There are 2 protein chains.
Amino acid sequence: MDEFDLKILKILQTDAKYSLDEIARELKIPKSTVAYRIKKMEREGIIKGYYAHIDPASLNLDYIIISSVKAKYGKNYHVELGNKLAQIPGVWGVYFVLGENDFIVMARYKNREEFMEKFLEKVMSIPEVERTSTQVVVKIIKESPNIVIF
Amino acid sequence: MDEFDLKILKILQTDAKYSLDEIARELKIPKSTVAYRIKKMEREGIIKGYYAHIDPASLNLDYIIISSVKAKYGKNYHVELGNKLAQIPGVWGVYFVLGENDFIVMARYKNREEFMEKFLEKVMSIPEVERTSTQVVVKIIKESPNIVIF
DNA sequence: TCTGAAATCAGAATGGT
DNA sequence: ACCATTCTGATTTCAGA
């Protein structure tokens, strides 16, 4: 992975619709070389895919929450519980962390009712859960997990 | 926004490289109609863009943190502080939340040294910050903020 | 691995309903 | 708004270096 690969990634992470010609022009290398390198990074798993960014607000997903989950200890508790949390509809992020809590869970719902029904009640009924504490997001100031290279 | 729009979004959120022909075949509607609808949703801001998903691990971004930031109160403190946090290199998410804390900050670094230097020292030197508490992510069980429709 | 050229295919534009 | 057709241009393939 060299300077050119990094520049290609930097472009594609912000706009996947950039054409081979445009990238080639900017990097001043032939477009077939750009194509070759992109294919290589796709093969190697450096580029994991391409997706559309859909505005959650357009789908009325205005009830955004970040929840801390403390687990009861036991064998494989964190694998089990992690998977269960990841499968809850509305949940897009599950992180196993060191510190006061065990899991940080990110989720989006239409409203408080949907959150209660689809998230809270489900989480509280999972036997491995000791307790949870949820914070409601008032404003998303930044959310660009696709930006990996600065 | 009807059933077809939703199905199109559902496809594109997981794979933006799906072709018009493929989508048309699956939904059993003409490809020019699919094109028309996608363009419409792009114009309306429902589809905000297309991004490559780059594997952070391939770039050795293994030091992943979730930080809670408590702010000193003052006029516009949360706008100011939010923007400052969002501008720190390595930070990809900043959420203003209700609850014990004021901000939840998501960031990725290569290692502990980089985290200390680029993140912690910067955050601790921001005057609006009262205190911070950081959790280190041991494992990402799920991270797919692009998945909006389940 | 890199590159130019040719071939293929996908997306944009058009115009009629 | 929908859709068939045409046209343009982007991506893939391939062969030589």
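Letters go in sequence order (proteins before strands), and every chain restarts at 1. Only a predicted model underlies this, so the values are computations on that prediction, with no experimental measurement involved.
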In whole angstroms, how far is the [atom2] atom of [N] from the [atom1] atom of [X]?
X       : N      : atom1 : atom2 : value
B/Ile8  : D/dA1  : CD1   : P     : 13 Å
B/Ile38 : D/dC3  : CD1   : P     : 14 Å
B/Ile23 : D/dC3  : CD1   : P     : 15 Å
A/Tyr50 : C/dA10 : OH    : P     : 16 Å
A/Asp21 : D/dT11 : CG    : P     : 7 Å
A/Met41 : C/dC2  : CE    : P     : 11 Å
A/Leu20 : C/dC2  : CG    : P     : 15 Å
B/Arg25 : C/dC9  : CZ    : C1'   : 13 Å

Could you write out each protein N or O paired with an N or O of nucleotides 4-8 of chain D at a distance under 3.5 Å?
from  : atom 1 : to      : atom 2 : distance (Å)
D/dA4 : N7     : B/Ser32 : OG     : 2.8

Q) So, is B/Arg37 near the phosphate of D/dA1, with a side-chain N or O under 4.0 Å from OP1 or OP2? A)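 False: B/Arg37 side-chain N/O out of range (4.0 Å or more) of D/dA1 OP1/OP2.
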Q: Please tell me which of the listed nucleotides, D/dT11, C/dT1, C/dA12, lies nearest to the side chain of A/Tyr36?
A: C/dT1
(Q) I want to verify a distance call: between C/dA12, D/dA10, C/dG11, whose nearest atom is closest to the B/Lys39 side chain? (A)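 Within the option list, the nearest is C/dA12.
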Q) Checking all strands, does B/Thr33 fall into the base, sugar-phosphate, or nothing category for heavy-atom contacts under 4.0 angstrom? A)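 Base contact.
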(Q) I want to confirm an ordering. Mapping A/Tyr18 and B/Asp2 to their closest nucleotides on DNA chain D, which one lands closer to the 5' end? (A)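 Final value for this comparison: B/Asp2.
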**Q.** Residue among B/Ile64, B/Ile65, B/Asp62 satisfying side chain to side chain contact (heavy atoms under 4.5 Å, CB included) with B/Val137
**A.**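 One option only clears the test, and that one is B/Ile64.
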Q | Interatomic distance, B/Tyr51 atom OH to A/Asp15 atom CG [nearest 0.5 angstrom] | A |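 That separation rounds to 8.0 Å.
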Q) Yes or no on salt bridge (Lys or Arg N to Asp or Glu O under 4.0 Å) for B/Lys48 and A/Glu143, after CA distance, side-chain angles and deciding distance? A) CA-CA 13 Å; B/Lys48 302 200 103 171; A/Glu143 187 173 77; over 6 Å; no
Q: Run the numbers on B/Lys39 and B/Glu42 for salt bridge (Lys or Arg N to Asp or Glu O under 4.0 Å), then give the verdict.
A: CA-CA 5 Å; B/Lys39 282 276 159 271; B/Glu42 287 170 358; 3.0 Å; yes
Q.
Between B/Arg108 and A/Pro145 (side chain of the first, backbone of the second, donor and acceptor by atom type, cut-off under 3.5 Å), is there such a pair?
A. yes
(Q) Whether the side chain of A/Lys70 engages the backbone of A/Val129 through a donor-acceptor N/O pair (distance < 3.5 Å, no angle test) should be reported. (A)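 Flag not set: sc A/Lys70 to bb A/Val129 has no pair under 3.5 Å.
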**Q.** B/Lys72 atom NZ, neighbour heavy-atom count above 12 within 6.0 Å
**A.**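 Yes.
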